[in-house]
Amino acid sequence: MSGRKSCEVADLLQQGQKGRVLTEKALNSSIEENYRNINKSASEIIELQRAVEAKKVSELSADAKEMFGNESVVIEKNIKDLKKKILDRQIHLQGAKDCIETLKDLNAEISECDNEATKIRNAIRFKSDYCDNEYNRAKTLNKRYAKNLSERKGLDIEARTMNINAANILQEVIAEKKSFDIYCNSLENMNKSAANRRQANELREQLKEDWENIPADWANKFYGDEYKNISNKVMDFLKASDDMVIQNIAEIKKELNRFSDKLQNKINVWKKEKSEAEQVENLILGIIDTGFYDPLDYNNDGELANKIKLFDYIEKYKATDYKDKFLHDFNIAKNLMRDEKFVDAKKYYDKVLIVADEAKNFALNLQENMIKKMELAKAIENVMYELNYDTETVVINDNPDDGFRVICKAGDEIIDFDNINFIDGKPVVDINHKESAIGDCHKSWSSIIIKMRENGIPMMDVTKNGESVVYNDRKQKVKENSAFGTSMTN
């Protein structure tokens, strides 16, 4: 027994290498972008907190407390409560930092794995047989690569979740800061009204200012009839006598403040629900905007090649129901957003996000597998060209996912690698060989196999009718689990 072949070890080491690297880059970019966004949200919250901390809030005068009574006490309490609530808000960055540190560890592990791969390749460089130890090392190494990629995907989801939570906290602080400013302005106006009680004209201006500070578009949107009613009251009051203004200013300001508070709370809820739905929508749009490489374009231009959007990419090579499932719930969510039913819309967006993630992972695997097939076909073509065959590579059914075909000619001899594909992760190539009419083939299969192995192609043997045409003296049968299954017909 000669044990494992060096070409089997080489096959293990090169399986899916370039596709995996592309996936690692995409996940690294996503994790780092989420980390930046989390820090950005934290910085914006700190700026809002500094603004609240620096805000000089006047104390209510005795006249204001007497004039507005319990209303002024409620506003003072609201200012105090909101200030504490805003200053207590924080985004815990340690989790995000831990994600980045974990990412560094995963990248360091990849470097270690790459170094181990180099050591294994060096160990088999001058060996053809008895490579069991190196094969087991390569097998263990591939498991480390797979485990590293799985942990990296989990880290991407964790970073994205922290990013969404940070963005939601920021939106809440923005809304609280808006309410805080409104209450502060109301308190200032109360003090002014009390101090200038006998100056009716100034009271009218203050009332008018409070009324104008109410956003008319929002008021009409949510409380049209009530807003029209209170606006008419304000207009009538501004025309009243000075005595009437002085005697009744507190009541109408209370009514106006109550309406303003109710409206702002309504606006805050509306914006919060809308923002939460849009956060998920933007994540979805980012996923479906992800680009993937056509293997032929990638072969020509590398990472500079044009990319194809997610669903266009899948539809180009595979028949799936991802797009139909996506569009069904996505269109429902869009209609709900149009009708401003944001809570229901978010529920559908959450379902759509799951489909989009599944489609993205499907496309990543599809891209990786097609590039593997293309690279194997390209390697075979290069070897045969070096052996002075005229070569031509054809995409089967014009679809790289169906595999590749390499036709090699030397005189009237034709070697047709007519289906270069992967089955269960292993390379499988069917070969049709039309021998020269004079029986003198350009190159022997022994020399072809040696050349293939030298270029890292795991070609074990060529068989005809189940028997080796290379080792015909041994009548060697092709093993069903061969790393590179081949067949030949004349």
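Counting begins at 1 with the first residue of the sequence.
Under the 4.5 Å side-chain criterion, counting only non-hydrogen atoms from C-beta, Lys346 is in contact with Glu276. Counting heavy atoms from C-beta outward, Glu340 and Glu273 have side chains that stay 4.5 Å or more apart. Counting heavy atoms from C-beta on, the side chains of Leu187 and Met190 never come closer than 4.5 Å. Residues Ile157 and Thr161 are in side-chain contact: their nearest non-hydrogen atoms beyond the backbone lie under 4.5 Å apart. Under the 4.5 Å side-chain criterion, counting only non-hydrogen atoms from C-beta, Asp225 is not in contact with Asn229. Residues Tyr293 and Glu303 meet the side-chain proximity criterion, which asks for heavy atoms closer than 4.5 Å. Between Tyr183 and Asp81 there is no side-chain heavy-atom pair separated by less than 4.5 Å. Between Lys307 and Asp297 the shortest side-chain heavy-atom distance does not fall below 4.5 Å.
Between the side chains of Asn257 and Asp210, no donor-acceptor pair of N or O atoms lies under 3.5 Å. No side-chain donor-acceptor contact under 3.5 Å links Ser179 and Gln264. Using modelled atom types and a 3.5 Å distance limit, the side chains of Asn148 and Arg152 yield a donor-acceptor pair. Asp402 and Tyr317 share no donor-acceptor pair across their side chains, judged by distance under 3.5 Å alone. For the residue pair Asn268 and Lys178, no side-chain donor N or O sits within less than 3.5 Å of a side-chain acceptor on the partner.
A donor-acceptor contact shorter than 3.5 Å is absent between the side chain of Asp312 and the backbone of Ile308. With hydrogens and angles ignored, the 3.5 Å screen pairs no side-chain donor or acceptor of Arg405 with any backbone N or O of Asn419. For the pair Arg204 (side chain) and Ala240 (backbone), a donor-acceptor distance under 3.5 Å is present. Thr290 places a side-chain N or O within donor-acceptor distance of the main-chain N or O of Ile287, the cut-off being under 3.5 Å. Between the side chain of Asn399 and the main chain of Val395, no donor-acceptor pair closer than 3.5 Å is present. Between the side chain of Lys373 and the backbone N or O of Asp401 there is at least one donor-acceptor pair closer than 3.5 Å. Without hydrogens or angle criteria, Ser150 side chain to Ala146 main chain gives no donor-acceptor distance under 3.5 Å. With Ser186 contributing its side chain and Ile182 its backbone, the two residues share a donor-acceptor pair below 3.5 Å. Although no hydrogens or angles enter the test, the distance criterion places a donor-acceptor pair under 3.5 Å between the side chain of Asn213 and the main chain of Glu209. In this structure, Asn185 contributes its side chain and Asp181 its backbone to a donor-acceptor pair below 3.5 Å.
Across all their heavy atoms, Leu22 and Gln367 have their closest contact at CD1-NE2, 4.0 Å. Looking at every heavy atom in both residues, Leu310 comes nearest to Ala363 through CD1-CB, 3.6 Å. Leu296 approaches Met374 most closely through the heavy-atom pair N-SD, 4.1 Å. Val352 approaches Phe330 most closely through the heavy-atom pair CG2-N, 3.4 Å. Considering all non-hydrogen atoms of both residues, Ala219 and Ile214 come closest at CB-CG2, 4.1 Å. The two residues Ile120 and Ala138 come nearest to each other via the heavy atoms CD1-N, 3.7 Å.
For Phe292, the ring pair (Phe, Tyr, Trp, His ring centres under 6.0 Å) partners are Tyr313, not counting sequence neighbours. The ring pair (Phe, Tyr, Trp, His ring centres under 6.0 Å) check on Tyr348 picks up nothing, with sequence neighbours excluded.
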* To do: Run the numbers on Glu368 and Lys372 for side-chain contact (heavy atoms from CB on, under 4.5 Å), then give the verdict.
  => CA-CA 6 Å; Glu368 181 178 346; Lys372 284 165 58 178; 4.3 Å; yes
* To do: Might you work through the side-chain contact (heavy atoms from CB on, under 4.5 Å) test for Arg160 and Ser30, ending with a clear yes or no?
  => CA-CA 8 Å; Arg160 185 177 68 199; Ser30 175; 5.9 Å; no
* Could you check Lys334 against Asp329 for salt bridge (charged side-chain N to carboxylate O under 4.0 Å, His left out), going step by step and ending with a plain yes or no? => CA-CA 9 Å; Lys334 291 294 288 184; Asp329 288 343; over 6 Å; no
* To do: Take Lys208 and Val234 through the test side-chain contact (heavy atoms from CB on, under 4.5 Å) and record every step on the way to the result.
  => CA-CA 8 Å; Lys208 185 179 179 181; Val234 171; 5.8 Å; no
* Asked: How far apart are the C-alpha atoms of Trp211 and Met235, what are their side-chain angles, what is the distance that settles it, and do they pass the side-chain contact (heavy atoms from CB on, under 4.5 Å) test?
  -> CA-CA 10 Å; Trp211 175 71; Met235 293 298 102; 3.7 Å; yes
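The six-membered or imidazole ring of Trp270 lies near that of Phe342, with a centre-to-centre distance under 6.0 Å.
Using cut-offs of 30° and 60° for the angle between ring planes, the Phe326 and Phe311 rings count as tilted.
When each of Glu251, Gln247, Lys253 is checked for a side-chain contact (heavy atoms from CB on, under 4.5 Å) with Ile249, only Lys253 meets the rule. No option in Asn34, Asn168, Asn39 other than Asn34 meets the side chain to side chain donor-acceptor pair (under 3.5 Å) test with Asn163.
At most 12 heavy atoms of other shown residues, nucleotides or ligands fall within 6.0 angstrom of atom NZ in Lys40. For Lys221, the NZ atom counts as densely surrounded, since its 6.0 Å shell holds more than 12 non-hydrogen atoms of other residues, nucleotides or ligands.
Annotation: cation-pi geometry not satisfied between Lys318 and Phe362 (NZ/CZ under 6.0 angstrom from ring centroid, within 45° of ring axis).
The pair Arg258-Glu255 does not meet the salt-bridge criterion, since no charged nitrogen lies less than 4.0 angstrom from a carboxylate oxygen. Checked for salt-bridge contact, Glu375 and Lys378 miss the test: no charged N lies under 4.0 Å from a carboxylate O. Salt-bridge check for Arg144 with Glu112: passed, with a basic side-chain N closer than 4.0 Å to an acidic carboxylate O. Ion pair Lys104/Glu101 flagged as a salt bridge, since at least one NZ, NE, NH1 or NH2 atom sits closer than 4.0 Å to an Asp/Glu carboxylate oxygen.
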